[in-house]
Amino acid sequence: MQIMTSSSTSPTSPLAAAAHNGVAAAYFNFRGAERVPESHVWKGMHEKDTAPVAAADADGGDAVPVVDMSGGDDAAVAAVARAAEEWGGFLLVGHGVTAEALARVEAQAARLFALPADDKARGARRPGGGNTGYGVPPYLLRYPKQMWAEGYTFPPPAIRDEFRRVWPDAGDDYHRFCSAMEEYDSSMRALGERLLAMFFKALGLAGNDAPGGETERKIRETLTSTIHLNMFPRCPDPDRVVGLAAHTDSGFFTFILQSPVPGLQLLRHRPDRWVTVPGTPGALIVVVGDLFHVLTNGHFHSVFHRAVVNRERDRISMPYFLGPPADMKVTPLVAAGSPESKAVYQAVTWPEYMAVRDKLFGTNISALSMIRVAKEEDKES
Ligand SMILES: C=C1C[C@]23C[C@H]1CC[C@H]2[C@@]12CCC[C@@](C)(C(=O)O1)[C@H]2[C@@H]3C(=O)O
Ligand SMILES: O=C(O)CCC(=O)C(=O)O
Ligand SMILES: [Fe+2]
């Protein structure tokens, strides 16, 4: 088994090499592409990519769960619990953020990606710039092939400063873009807090004197967020490329605003198969991340997902990642005195967890299994 490290990875193009050194994050010019260059051809690189795509089945089996919040949060708790336990991901509707508002935000992301390459390059990720800037997230740079996507990552508090790099004149375009992103941030944060409360209820840990009450408050008050804009250009040969390789999100949970153009798929097990999430206008997708898997002691599970591209239409997705602050130890919640009193995972901070995941890149060992202290079956004993 080969464990890839940054130094042992050999980027396949000068562009990737440049980005690798944190210098510039230039992308291949997708717009003009009439064919897929070798640098972007994937052939079952990831063992999960060989799983088939399930046929759409509206009557059950493989239909992505839908959670409707329009009847009130409490009424949706049972559905949230089932979806988080059985799938680790679901469509959220009736959440109160209008389809029009979401479409406006998406339109601004589309305008950003439509800018000339040089304008976007001004916002390139910088060495030591953390998770901020235009370009491939560092973790994804380690794949020997490049993905058919452009991305821009930023923490919401940095929106105004960050996008002055792209729009130095701070004109109308800049203000429209920033306002839209700020609006997205405030609605996703508010929704994140609501959903967090629902998750705790679903776990039977809600309320101040409940075992998780204090933790819930602490998590809610310190929740951090990151926005990542993805643009998956239409592709002349969609079956040979990857929009975003199969992965789990590492944080607590993520809201994904996706274009009405579908492309997101969730992995289901036994047998392994990819289920396409429909492009429902106005819906948000929720995916559970690894640190929520840890926090819930494996009750809710993080879900592998990936993005595929298509021949006809560009697709935009806007994941909003919610997670703990860097210095918070995420400790499994186990109800004192309940039959289940054993933590199955070691307590970790987000950076500690990322370090484990980084070391395992290129292997098929999961980072969650590395920090597991007891087998799932031991929980009840
Ligand atoms: C807050 C986050 C969440 C990050 C890291 C950082 C900013 C970029 C996110 C992504 C986006 C693409 C997949 C992923 C796996 C990646 O490589 O970068 C994500 C990762 C994670 O969920 O771990
Ligand atoms: O494009 C999507 O729908 C998913 C994006 C995603 O999973 C990510 O950026 O982490
Ligand atoms: Fe993701």
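Order of listing sets the numbers, starting from 1, for every ligand and every atom in it. Not measured: the values here are computed from a predicted model.
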Give, for atom OG1 of Thr248 and atom CG of Leu368, the distance between the pair rounded to the nearest 0.5 Å. 6.5 Å
Heavy-atom pairs closer than 4.0 Å: do any link ligand 1 to the side chain of Arg357, the backbone, both, or neither? side chain
Give yes if a backbone or side-chain nitrogen or oxygen of Thr153 is under 3.5 Å from a nitrogen or oxygen of ligand 1, and no if not. no
Quick one: does Glu352's side chain have a donor or acceptor within less than 3.5 Å of a partner on Thr349's backbone? yes
Atoms of ligand 1, numbered as shown, that sit under 4.0 Å from any heavy atom of Met354: 23 (O)
min-distance protein heavy atom vs atom 19 (C) of ligand 1 -> Phe321 CZ, 4.1 Å
How about Val309 and Arg234: do any of their side-chain heavy atoms sit closer than 4.5 Å? no
Close-contact set for ligand 2 against Asn230 heavy atoms, below 4.0 Å: 5 (C), 9 (O)
Numbered atoms of ligand 1 (with element) below 4.0 Å of Leu140, judged on heavy atoms: 17 (O)
Option among Trp350, Tyr345, Tyr353 that satisfies the side-chain hydrogen bond (donor to acceptor under 3.5 Å, both in side chains) test with Asp290: Tyr353
Atoms in ligand 2 with a heavy atom of Leu244 nearer than 4.0 Å: 5 (C), 6 (C), 7 (O), 8 (C), 9 (O), 10 (O)
For Phe292, the option from Phe200, Phe199, Phe321 that meets ring-ring contact (aromatic ring centres under 6.0 Å, His included): Phe199
By residue and atom, what protein N/O/S atoms are less than 2.8 Å from the Fe ion (ligand 3)? His247 NE2, Asp249 OD1, His305 NE2
Report the C-alpha separation of Phe232 and Trp148 in whole Å, then their side-chain angles, then the decisive distance to 0.1 Å, and conclude whether the ring-ring contact (aromatic ring centres under 6.0 Å, His included) test is met. CA-CA 6 Å; Phe232 303 99; Trp148 200 262; over 10 Å; no
Tell me whether Arg306 forms a cation-pi arrangement with Trp274, defined as NZ or CZ under 6.0 Å from the six-membered ring centre and within 45 degrees of its axis. yes
What's the shortest distance from atom 4 (C) of ligand 2 to any protein heavy atom, and which residue and atom give it? Leu264 CD1, 3.7 Å
Taking distance alone, with N or O pairs closer than 3.5 Å, would you say Thr248 contacts ligand 1? no
Show me which atoms of ligand 2 lie under 4.0 Å from any heavy atom of Asp249. 10 (O)
Ligand 2-proximal atoms of Thr254, by part, heavy-atom distance under 4.0 Å: neither
Taking non-hydrogen atoms only, is Val287 closer than 4.0 angstrom to ligand 2 via side chain, backbone, both or neither? neither
Would Gln258 count as a polar contact of ligand 2, with the cut-off being nitrogen or oxygen pairs under 3.5 Å? no
Has His301 got a side-chain atom pairing as donor or acceptor with Gly289's backbone, closer than 3.5 angstrom? no
Could you check atom 10 (O) of ligand 2 against the protein and tell me its nearest heavy-atom contact, residue, atom and distance included? His247 NE2, 3.1 Å
Numbering the atoms of ligand 2 from 1, which are under 4.0 Å from a heavy atom of Phe232? 1 (O)
Within 45° of the axis and under 6.0 Å from the centre of the six-membered ring of Phe177, does NZ or CZ of Arg111 qualify? no
Heavy atom under 4.0 Å from ligand 1: found in Thr226's side chain, backbone, both, or neither? side chain
Record the part of Arg306 in heavy-atom contact with ligand 2 below 4.0 Å; permitted values are side chain, backbone, both and neither. neither
Nearest neighbour in protein (non-hydrogen) for atom 23 (O) of ligand 1: Ser250 OG, 2.6 Å
Under the salt bridge (Lys or Arg N to Asp or Glu O under 4.0 Å) test, which residues partner Asp185, sequence neighbours left out? none
So which bit of Pro137 gets within less than 4.0 Å of ligand 1, heavy atoms only: side chain, backbone, both or neither? side chain
